[in-house]
Number of protein chains: 2
Amino acid sequence: MILSRACNYGILASLYIAKEERTKTGYTSIRHLSEELNISFHFLTKILQTLTAEGILHSHKGPKGGVMLARNADEITILDLVYAIDGEDIFTECVLGLPGCGNEEPCPMHFQWAEVRENLKDMFEHKTLAETAGEVEEMKLRLSNFVRGEKQ
Amino acid sequence: MILSRACNYGILASLYIAKEERTKTGYTSIRHLSEELNISFHFLTKILQTLTAEGILHSHKGPKGGVMLARNADEITILDLVYAIDGEDIFTECVLGLPGCGNEEPCPMHFQWAEVRENLKDMFEHKTLAETAGEVEEMKLRLSNFVRGEKQ
DNA sequence: TTGATTTAAGATTAAAAGCTCTTTATAATC
DNA sequence: GATTATAAAGAGCTTTTAATCTTAAATCAA
Ligand code: FES
Ligand code: FES
């Protein structure tokens, strides 16, 4: 798995929030998110707490509470979410697991891997929540593991 | 981590064997490999058993026994090793963890990810053990986590 | 034939990741 | 103020991955 499960869920939830905020204002409850996306409520809560601590989301307790994007949706990239949840390890670690990946002491895959992982990073960096949430609506892309038809 | 630890070890050991076989003939003992590469002997044994079962290595018990490449080194790619140990999941799974990755029901990252993972696959497929072991010797690339100087 | 050496196989333990449960703090509404 | 809805925090359980340990089987050499 390239991203952790927590990271997958964090991205899906953030995209859902961004999509909601295209039309409505205010907070989205985590309970609602967990039901719509079919993600464990408590697990999702913890993930979104991390995103809140990292300044990507803003949260509010009590009735009518929930989470919302802390910045404009075009100023948040998928890369921001990956960094916040999984850290930068995928983009700095040796693909063969050797310590201290770099040009000084390269492993046999280093130069090829360095290029691929740069592409990977660009891919995440060029996808903003604004643009991607737009595509989700226009192209009716899925954000959950529900089979077509079931649940909405 | 993009590859499992078992896969990292399997690749490093296979490269070491390929490098040895450029000059010497016969079996390389797993004990020797585990010491040179600083990998747990029993763990490495299990990984190489898998590669033997997959027809990539050939093994022999008893004194003077060990493992050797079952095919010519230019007919084994790193991709063969990844498939044998980790399977093809990285190259077929949804980057957001949704079930049934494909063009029919794409997730918001599908088309970009499909391209990057194809590059990743090409990268592994274009590296044969022969070529890579050659580079390791010529460029003095490292295969172990020993710091420079320590242990050879 | 016996003893040493080596891989094979499987049981066991340890660590990490994934997930659930409970309790607490905060805020809105009645 | 009481009640209810919500996020925050952390303890604890489960599953997967990583690593170790033990025993068996095969092979070689003396
Ligand atoms: S040293 Fe291995 S990928 Fe950089
Ligand atoms: S459906 Fe998500 S990457 Fe293919």
Side-chain angles (χ1 to χ4, degrees), chain A residues 1-14 17 26-70 82 85-87 89-90 93 96-97 145, chain B residues 1-14 17 26-70 82 85-87 89-90 93 96-97 145:
Chain A
M1 217 185 303
I2 170 91
L3 300 175
S4 71
R5 224 156 181 76
C7 195
N8 288 335
Y9 293 160
I11 293 170
L12 293 169
S14 299
I17 297 165
Y27 295 96
T28 303
S29 91
I30 301 179
R31 176 71 62 187
H32 177 71
L33 286 167
S34 80
E35 282 164 1
E36 289 297 314
L37 300 174
N38 201 27
I39 299 171
S40 147
F41 169 72
H42 291 289
F43 194 23
L44 184 57
T45 291
K46 206 176 301 183
I47 297 162
L48 299 187
Q49 272 169 32
T50 303
L51 292 181
T52 300
E54 293 284 328
I56 292 169
L57 298 181
H58 183 233
S59 72
H60 194 73
K61 290 178 181 175
K64 308 274 178 184
V67 290
M68 65 189 304
L69 302 182
V82 174
I85 300 170
D86 278 356
D89 284 2
I90 353 168
E93 275 182 340
L96 297 183
N145 57 11
Chain B
M1 217 186 304
I2 168 95
L3 301 175
S4 72
R5 228 165 179 70
C7 195
N8 288 336
Y9 293 160
I11 294 170
L12 293 169
S14 298
I17 297 165
Y27 295 97
T28 303
S29 93
I30 301 179
R31 176 71 64 185
H32 177 72
L33 285 168
S34 81
E35 283 165 1
E36 289 297 314
L37 300 174
N38 201 28
I39 299 170
S40 148
F41 169 72
H42 290 289
F43 193 23
L44 184 57
T45 291
K46 205 177 301 183
I47 298 161
L48 299 187
Q49 271 169 33
T50 303
L51 292 181
T52 300
E54 292 285 328
I56 292 170
L57 297 181
H58 183 233
S59 72
H60 195 72
K61 290 179 183 174
K64 307 275 178 181
V67 288
M68 64 188 305
L69 301 182
V82 174
I85 300 170
D86 279 355
D89 285 0
I90 353 169
E93 276 182 339
L96 297 183
N145 58 9

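Order of the sequence lines fixes the chain letters, A, B, ..., with proteins taken first and strands second; residue numbering starts at 1 for each chain. These values consider heavy atoms only, across backbone and side chains, with no hydrogens, waters or symmetry-generated copies. Model, not experiment: these values are computed from the prediction.
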Checklist entry - Any side-chain N or O of Ser40(A) less than 4.0 Å from the OP1 or OP2 oxygen of dT20(C)? => result yes
Next on the checklist: Given Ser59(B), which partner from the list Thr45(B), Leu48(B), Val67(B) fulfils the side chain to side chain contact (heavy atoms under 4.5 Å, CB included) test?
Outcome noted: Val67(B)
Checklist entry - Residues in ring pair (Phe, Tyr, Trp, His ring centres under 6.0 Å) with Phe41(B), at least two apart? => result none
Checklist entry - Nearest-Å distance, CE (Met68(B)) to P (dT7(C))? => result 14 Å
Checklist outcome for this item: Taken in chain and number order and not counting sequence neighbours, the residues that satisfy side-chain contact (heavy atoms from CB on, under 4.5 Å) with His58(A) are Tyr27(A), Met68(A), Ala70(A)
Checklist outcome for this item: Taken to the nearest 0.5 Å, the spacing of Leu69(B) CG from Leu57(B) CG works out to 6.5 Å
Next on the checklist: Between Leu3(A) and Phe41(B), which residue's closest nucleotide on DNA chain C lies nearer the 5′ terminus?
Outcome noted: Phe41(B)
Checklist entry - For Met1(B) and dA16(C), what is the distance between atoms CE and P respectively, to the nearest whole Å? => result 10 Å
Next on the checklist: Could you work out, with side-chain contact (heavy atoms from CB on, under 4.5 Å) as the rule, every residue matching Ile2(A), not counting sequence neighbours?
Outcome noted: Ile90(A), Leu120(A), Ile2(B), Val95(B), Trp113(B)
Checklist entry - Between dC19(C) atom C1' and Arg5(A) atom CZ, what is the distance in whole Å? => result 11 Å
Item to check | Non-neighbouring partners of Ile39(A) that pass side-chain contact (heavy atoms from CB on, under 4.5 Å), sequence neighbours left out | outcome: Tyr9(A), Leu37(A), Leu44(A)
Would you tabulate the nitrogen or oxygen pairs shorter than 3.5 Å linking the protein to nucleotides 10-12 of chain C?
from	atom 1	to	atom 2	distance (Å)
dA11(C)	N6	Lys46(B)	NZ	3.1

Checklist entry - For DNA chain D, what residues of residues 49-59 of chain B have any heavy atom nearer than 4.0 Å? => result none
Checklist outcome for this item: Residue set satisfying side-chain hydrogen bond (donor to acceptor under 3.5 Å, both in side chains) with Asn8(B), at least two apart, ordered chain then number -> none
Item to check | Atom-pair distance (CG on Leu44(A); C1' on dA9(D)), nearest Å | outcome: 16 Å
Checklist entry - Tyr9(B) OH to dT17(D) P: how many Å, rounded? => result 16 Å
Checklist outcome for this item: residues 60-69 of chain B vs side chain to side chain donor-acceptor pair (under 3.5 Å), sequence neighbours excluded, gives none
Checklist entry - What pairs with Ser14(B) under side-chain hydrogen bond (donor to acceptor under 3.5 Å, both in side chains), at least two apart in sequence or on another chain? => result none
Next on the checklist: Between C1' on dA4(C) and CZ on Arg31(B), what's the gap in Å once rounded to a whole number?
Outcome noted: 14 Å
Next on the checklist: Going by the rule side-chain hydrogen bond (donor to acceptor under 3.5 Å, both in side chains), which residues pair with Asp89(B) if we only count those two or more places apart in sequence or in a different chain?
Outcome noted: none
Next on the checklist: Just the rounded figure in Å: distance from C1' of dT7(C) to CD1 of Ile17(B).
Outcome noted: 13 Å
Checklist outcome for this item: Contacts of His32(B) meeting ring pair (Phe, Tyr, Trp, His ring centres under 6.0 Å) (sequence neighbours excluded), chain-then-number -> Tyr16(B)
Checklist entry - Can you tell me how far C1' of dA16(C) sits from CZ of Phe43(A), to the nearest Å? => result 12 Å
So which protein N/O to nucleotides 26-30 of chain D N/O distances come out below 3.5 Å?
from	atom 1	to	atom 2	distance (Å)
dT27(D)	O3'	His60(B)	NE2	3.3
dC28(D)	OP1	His60(B)	NE2	3.0

